[in-house]
Amino acid sequence: MKDGELFALDFDHHAGWLFFDRHLIANVDVFLENWYTPQIATNLAGYGLTVNAGKAQIKGLEAQVQAVLPAGFDLSMNAAYIDAKFVEDSAISGYPKGTAIPDTPKFSGSAVLQWKRSLASGSTLFGSLEDAYTGGRTDLPFGVTATLQTMDSLLVHLPSYNLLNFRLGLRGEKDSGSRWSAALFVRNLANKHVLIDPQPQIGLQTGAYARYIISQPLTAGLDVSYAW
């Protein structure tokens with residue numbers, strides 16, 4: 001095992017544009033990264049270890065658009081494509097050349113629609129609706145010992161998913177400078193059951209005892225804050 005972790009950034013180019021008196025903003029980022037001796041969680045005979053895996057390469061493209069709309073609305077959208085792979089074999093981690101870096105989706109993105117309206121009382125009504133998308137990815141179950149020969153058969157392919165979040169509230173500022181807000185929130189509005197991470201029992205590594213960490217179900221509540 002090598003000491004530490006070395007991260008090298010080989011290429012990164014960013015470009016941005018402003019349109020319609022800053023009512024429309026667009027940004028694009030292209031990057032290529034070489035990642036030397038990345039730290040990877042693995043398992044050996046039932047014992048969890050963090051080891052330095054083989055060299056990895058990450059190619060990526062990210063884009064963002066933000067638009068100021070009429071009637072107090074604001075729309076932000078972003079999307080990313082990331083091709084992240086190991087480019088050399090690593091016997092100690094079990095990841096062979098060409099395998100995707102674990103838990104790294106190729107495609108991801110989000111869209112957020114925000115709204116606000118000032119009231120005569122000096123307070124502000126606000127709301128937001130967010131849709132976040134995560135693409136398919138692979139991961140190695142915790143507690144499983146993998147080798148270069150068995151990695152492909154042990155990797156778990158997790159499906160893509162998107163989650164909706166909603167918020168509606170009221171905030172204000174008093175003459176004394178104190179600020180307050182109260183907002184109703186709903187997370188996972190569609191109540192989806194998303195597979196986040198595979199977690200089988202270490203001593204029972206069979207399909208019958210496979211377990212997964214799943215997303216938090218539909219959750220609603222009220223956020224109240226006061227500052228002075």
Side-chain angles (χ1 to χ4, degrees), residues 1-14 29-64 78-110 132-163 192-216:
M1 182 187 301
K2 299 178 182 179
D3 292 332
E5 181 182 39
L6 175 62
F7 181 79
L9 178 62
D10 289 342
F11 174 80
D12 188 1
H13 180 72
H14 174 84
D29 193 31
V30 181
F31 56 91
L32 170 64
E33 300 171 357
N34 285 325
W35 198 5
Y36 298 94
T37 63
Q39 293 185 346
I40 297 292
T42 187
N43 184 272
L44 181 61
Y47 293 94
L49 299 173
T50 299
V51 301
N52 294 104
K55 179 182 174 182
Q57 190 174 80
I58 305 171
K59 303 173 185 177
L61 172 65
E62 297 178 342
Q64 180 188 30
N78 69 76
Y81 169 80
I82 296 179
D83 183 18
K85 295 180 180 179
F86 294 102
V87 293
E88 65 181 16
D89 292 341
S90 173
I92 191 170
S93 70
Y95 282 93
K97 177 181 178 181
T99 306
I101 295 176
D103 204 26
T104 305
K106 277 197 171 184
F107 297 97
S108 62
S110 68
Y133 171 82
T134 300
R137 60 241 181 263
T138 59
D139 205 353
L140 186 66
F142 176 78
V144 174
T145 300
T147 67
L148 295 174
Q149 292 72 34
T150 62
M151 177 63 74
D152 284 345
S153 63
L154 294 174
L155 281 175
V156 174
H157 295 266
L158 298 168
S160 61
Y161 65 91
N162 68 297
L163 295 175
K192 291 187 176 181
H193 295 81
V194 176
L195 301 180
I196 302 294
D197 197 30
Q199 293 284 325
Q201 292 179 250
I202 295 177
L204 297 170
Q205 297 174 15
T206 67
Y209 293 96
R211 300 179 299 167
Y212 288 85
I213 295 175
I214 66 170
S215 59
Q216 183 177 342

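- The side-chain heavy atoms of Tyr95 and Pro102, taken from C-beta on, include a pair separated by under 4.5 Å.
- Side-chain atoms of Asn52 come within 3.5 Å of backbone N or O of Thr37 as a donor-acceptor pair.
- One distance of note links OG of Ser108 with OH of Tyr133; it measures 9.0 Å at 0.5 Å rounding.
- A donor-acceptor pair under 3.5 Å links the side-chain atoms of Ser215 to the main chain of Lys192, judged by distance alone.
- For Asp29, the side chain to side chain donor-acceptor pair (under 3.5 Å) test picks out no residue, with sequence neighbours left out.
- Atom-to-atom distance recorded for Lys59:NZ and Tyr81:OH is 8.0 Å, nearest 0.5 angstrom.
- Shown here are the side-chain contact (heavy atoms from CB on, under 4.5 Å) partners of Leu148, two or more places apart in sequence or in another chain: Asp89, Ala91, Pro96.
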Asn78/Glu62 under side-chain contact (heavy atoms from CB on, under 4.5 Å): CA gap, chis, key distance, verdict
CA-CA 7 Å; Asn78 69 76; Glu62 297 178 342; over 6 Å; no
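- One finds the OG atom of Ser90 at 14.0 Å from the NZ atom of Lys55 (value rounded to the nearest 0.5 Å).
- Across every non-hydrogen atom of Ser160 and Gly136, the tightest pair is CB-N, 3.6 Å.
- Between Asp197 atom CG and Asp139 atom CG the span is 5.0 Å, to the nearest 0.5 Å.
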Acceptor/donor pairs from residues 149-157 side chains to any protein atom, 3.5 angstrom cut, sequence neighbours excluded:
from, atom 1, to, atom 2, distance (Å)
Thr150, OG1, Thr147, N, 3.0
Thr150, OG1, Thr147, OG1, 3.1
Ser153, OG, Thr150, O, 2.8

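- Not counting sequence neighbours, the partners of Leu61 by the side-chain contact (heavy atoms from CB on, under 4.5 Å) test are Val28, Val30.
- Taking CD1 of Ile213 as the reference point, atom CG of Leu195 lies at 11.0 Å (rounded to 0.5 Å).
- The only member of Leu163, Asn162, Leu158 that meets side-chain contact (heavy atoms from CB on, under 4.5 Å) when paired with Val194 is Leu163.
- Closest non-hydrogen pair, Gln39 versus Thr50, comes out as CB-CG2, 3.9 Å.
- For Lys85, the side-chain contact (heavy atoms from CB on, under 4.5 Å) partners are Asp83, not counting sequence neighbours.
- Nearest heavy atoms, Phe86 versus Pro38: CE2-CG, 4.2 Å.
- The distance from the OH atom of Tyr36 to the CD atom of Glu88 is 9.5 Å, given to the nearest 0.5 Å.
- With sequence neighbours excluded, the residues satisfying side-chain contact (heavy atoms from CB on, under 4.5 Å) with Ala84 are Ile58, Ile82, Ile101, Thr104.
- Across every non-hydrogen atom of Ser93 and Ala53, the tightest pair is OG-CB, 3.7 Å.
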